[in-house]
**Q** 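Here you go, one structure.
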Amino acid sequence: MAGEVVGGLQVPPATLGARLRADAAALMVAVPELRHAEALRGLFALVERCLRLTAAARVVAEREAAQRYDLAEYEAGLARLCAGEPIAYVLGEQPFRGRSYRVSADVLVPRPDTETLVEAALERLESTGAPEVLDLGTGSGCVAIEIALDRPAATVTGVDLCGEALAVACGNARRLGAGNIRWQRSDWYAALGGCRFHLIVSNPPYVAEGDPHLPALAREPRGALVSGPDGLADLRRIVAGAPAHLRSGGWLCVEHGGEQGDAVRTLFLAQGLAEVRTFRDAGGRDRVCAGRWISPGADTTPALP
């Protein structure tokens, strides 16, 4: 617990608000990549959860003496944060497009950048009445579920190689009322046979081995982050397999790293995808590539199993 040192003794901050701000400063020392606003926002969410407070009630409580509250649960969460665990794992949930998704250490924490992927995917579906959609590497299920809830006539298939991740995704779908999703354990397309879709969407691993940002992501599943020496190994597999699993006129939309726009566009064009376009995230960086598959022959599509 942070506080002032008086006469050689550690004195706890008098109010809950002072305690939270002192703890935010200590957290930034323990986790140097955290910005002050991010640290404080995380501690606000943590204390609200632990003390069962609304945001408005927390603002009032900040003016009161910290000793009024049982902070044991909060202190346990703070210790996890200081050890480098993401706030989403400590809280067990993460907001995404206005909904709350349960997360665990088995799945990547949903990030605002991925909202760009969802928006691009939904835009590609605007003229399709009852689309069949494939989400590769579904993780927490946030992309599949957002599409399913926005397009209730769609049939969505969420694929992941990790059974624990699929359990998280399935739980999120049940809690959020997305009943038009089926879940499949598969190494990308391996278990899908010859099924074809109107849209394939994916937020795959795209961080290069040895990337300097990896230490800050050490608590998240490495298999959901790292993809070969240049970060493109899984994207190559996804793009290469897309023509065999897209209906003629169907779309492939993938998320990628902010410096990978040119490389991913090249992959799309080399595979024969048309109308290739890059979408930028809220920070102005290349983030999503979309392209359309026009089959040169007849489109014979087996029914989904």
Side-chain angles (χ1 to χ4, degrees), residues 1-4 12-105 107-119 139-140 142-143 146 168 172 175-176 203 213-221 224-225 255 258 281-285 287:
M1 180 170 64
E4 292 183 276
T15 66
L16 181 63
R19 166 71 191 270
L20 292 174
R21 283 157 181 80
D23 286 347
L27 179 57
M28 291 169 62
V29 172
V31 186
E33 62 268 19
L34 275 180
R35 297 185 299 272
H36 181 262
E38 185 181 2
L40 201 55
R41 187 165 54 246
L43 293 186
F44 285 166
L46 179 62
V47 81
E48 287 165 15
R49 166 66 62 82
C50 294
L51 298 182
R52 283 67 176 169
L53 299 173
T54 64
R58 186 258 306 158
V59 171
V60 174
E62 283 189 55
R63 306 187 191 113
E64 298 176 340
Q67 291 88 338
R68 285 194 56 189
Y69 297 95
D70 179 358
L71 295 176
E73 184 181 353
Y74 164 82
E75 288 171 351
L78 176 61
R80 292 170 64 185
L81 292 177
C82 287
E85 194 167 349
I87 182 65
Y89 292 162
V90 175
L91 297 175
E93 63 182 17
Q94 174 75 359
F96 184 76
R97 291 189 85 235
R99 296 183 176 91
S100 179
Y101 282 83
R102 301 277 170 81
V103 295
S104 74
V107 301
L108 201 65
V109 175
R111 288 168 165 80
D113 289 344
T114 303
E115 296 186 12
T116 306
L117 176 66
V118 174
E119 298 303 330
S140 67
C142 63
V143 172
E146 289 297 315
V168 173
N172 278 324
R175 190 170 56 83
L176 294 171
N203 176 19
H213 298 98
L214 277 175
L217 303 169
R219 295 302 185 101
E220 297 188 63
L225 290 166
E255 182 173 332
D281 60 25
R285 305 180 76 190
R287 184 59 60 188

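Below, all heavy atoms of this structure are taken into account, side chains as well, without hydrogens, waters or symmetry copies.
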**Q** Can you see which heavy atom on A105 is nearest to which on Y89, and at what distance?
**A**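 Shortest heavy-atom contact: CA-CZ, 3.8 Å.
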**Q** Got a donor-acceptor contact below 3.5 angstrom from the R21 side chain to the G17 backbone?
**A**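 Yes.
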**Q** Just jot down the side-chain contact (heavy atoms from CB on, under 4.5 Å) partners of E115, sequence neighbours excluded, or say none.
**A**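 side-chain contact (heavy atoms from CB on, under 4.5 Å) list for E115, sorted by chain: F96, R97.
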**Q** Atom CD of E146 and atom CG of N172: how far apart are they, to the nearest 0.5 Å?
**A**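 One finds 10.5 Å between CD of E146 and CG of N172.
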**Q** For the OG1 atom of T15 and the CZ atom of R63, what is their distance to the nearest 0.5 Å?
**A**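 Between atom OG1 of T15 and atom CZ of R63 there are 10.5 Å.
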**Q** Go through it in stages, so that I can follow the logic: the residues are L51 and L71, the test is side-chain contact (heavy atoms from CB on, under 4.5 Å), and I'd like the CA-CA distance, side-chain angles, deciding distance and then a yes or no.
**A** CA-CA 8 Å; L51 298 182; L71 295 176; 4.1 Å; yes
**Q** Going from CG on L91 to SG on C50, what distance comes out if it is rounded to the nearest 0.5 angstrom?
**A**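 Interatomic distance, L91 CG to C50 SG, rounded to 0.5 Å: 8.0 Å.
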**Q** Of the non-hydrogen atoms in V168 and R102, which two are nearest, and what is the gap between them?
**A**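 Closest approach of V168 to R102: CG1-O, 3.4 Å.
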**Q** Evaluate L225 against L108 for side-chain contact (heavy atoms from CB on, under 4.5 Å), listing each step before the verdict.
**A** CA-CA 8 Å; L225 290 166; L108 201 65; 3.4 Å; yes
**Q** Which value, rounded to the nearest 0.5 Å, describes the distance between L117 atom CG and R111 atom CZ?
**A**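 It comes to 14.0 Å.
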**Q** Check the pair R19, Y74 against side-chain contact (heavy atoms from CB on, under 4.5 Å), reporting the backbone distance first and the verdict last.
**A** CA-CA 12 Å; R19 166 71 191 270; Y74 164 82; 3.9 Å; yes
**Q** Specify the closest pair of heavy atoms between A72 and D70, including all atoms of both residues, with the distance to one decimal.
**A**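 Shortest heavy-atom separation between A72 and D70 comes out as N-OD1, 3.1 Å.
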**Q** In a table with atom names and distances, give each donor-acceptor pair under 3.5 Å that connects a side chain of residues 27-48 to protein atoms at least two apart or in another chain.
**A**
unit_1: E48; atom_1: OE2; unit_2: R58; atom_2: NE; d: 2.9
unit_1: E48; atom_1: OE2; unit_2: R58; atom_2: NH2; d: 3.2

**Q** Rounded to the nearest 0.5 Å, what separates atom CD in E93 from atom OG in S140?
**A**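 Spacing of CD (E93) from OG (S140) equals 12.5 Å.
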**Q** Begin from the C-alpha positions of E64 and L16 and carry the test side-chain contact (heavy atoms from CB on, under 4.5 Å) through to its verdict.
**A** CA-CA 6 Å; E64 298 176 340; L16 181 63; 5.8 Å; no
**Q** Treating R219 as the side-chain partner and L217 as the backbone partner, does any N or O pair qualify as donor plus acceptor under 3.5 Å?
**A**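 Not a single qualifying donor-acceptor pair exists.
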**Q** Looking at CD of E255 and CG of D113, how far apart are the two atoms once the value is rounded to the nearest 0.5 Å?
**A**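 So the CD of E255 and the CG of D113 are separated by 6.0 Å.
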**Q** How close do P86 and L81 get, heavy atom to heavy atom, and via which atoms?
**A**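 That would be C-CD2, 4.2 Å.
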**Q** What I want to find out is whether R49 reaches E73 closely enough, with some N-O distance under 4.0 Å, to be called a salt bridge.
**A**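 Between E73 and R49 there is no salt bridge, as every charged N stays at least 4.0 Å from the carboxylate O atoms.
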**Q** So which heavy atom on Q94 is nearest to which on P110, and how close?
**A**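 In terms of heavy atoms, the two residues are closest at NE2-O, 3.2 Å.
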**Q** Going by the rule side-chain contact (heavy atoms from CB on, under 4.5 Å), which residues pair with A65 if we only count those two or more places apart in sequence or in a different chain?
**A**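 Residues passing side-chain contact (heavy atoms from CB on, under 4.5 Å) with A65: Q67, R68.
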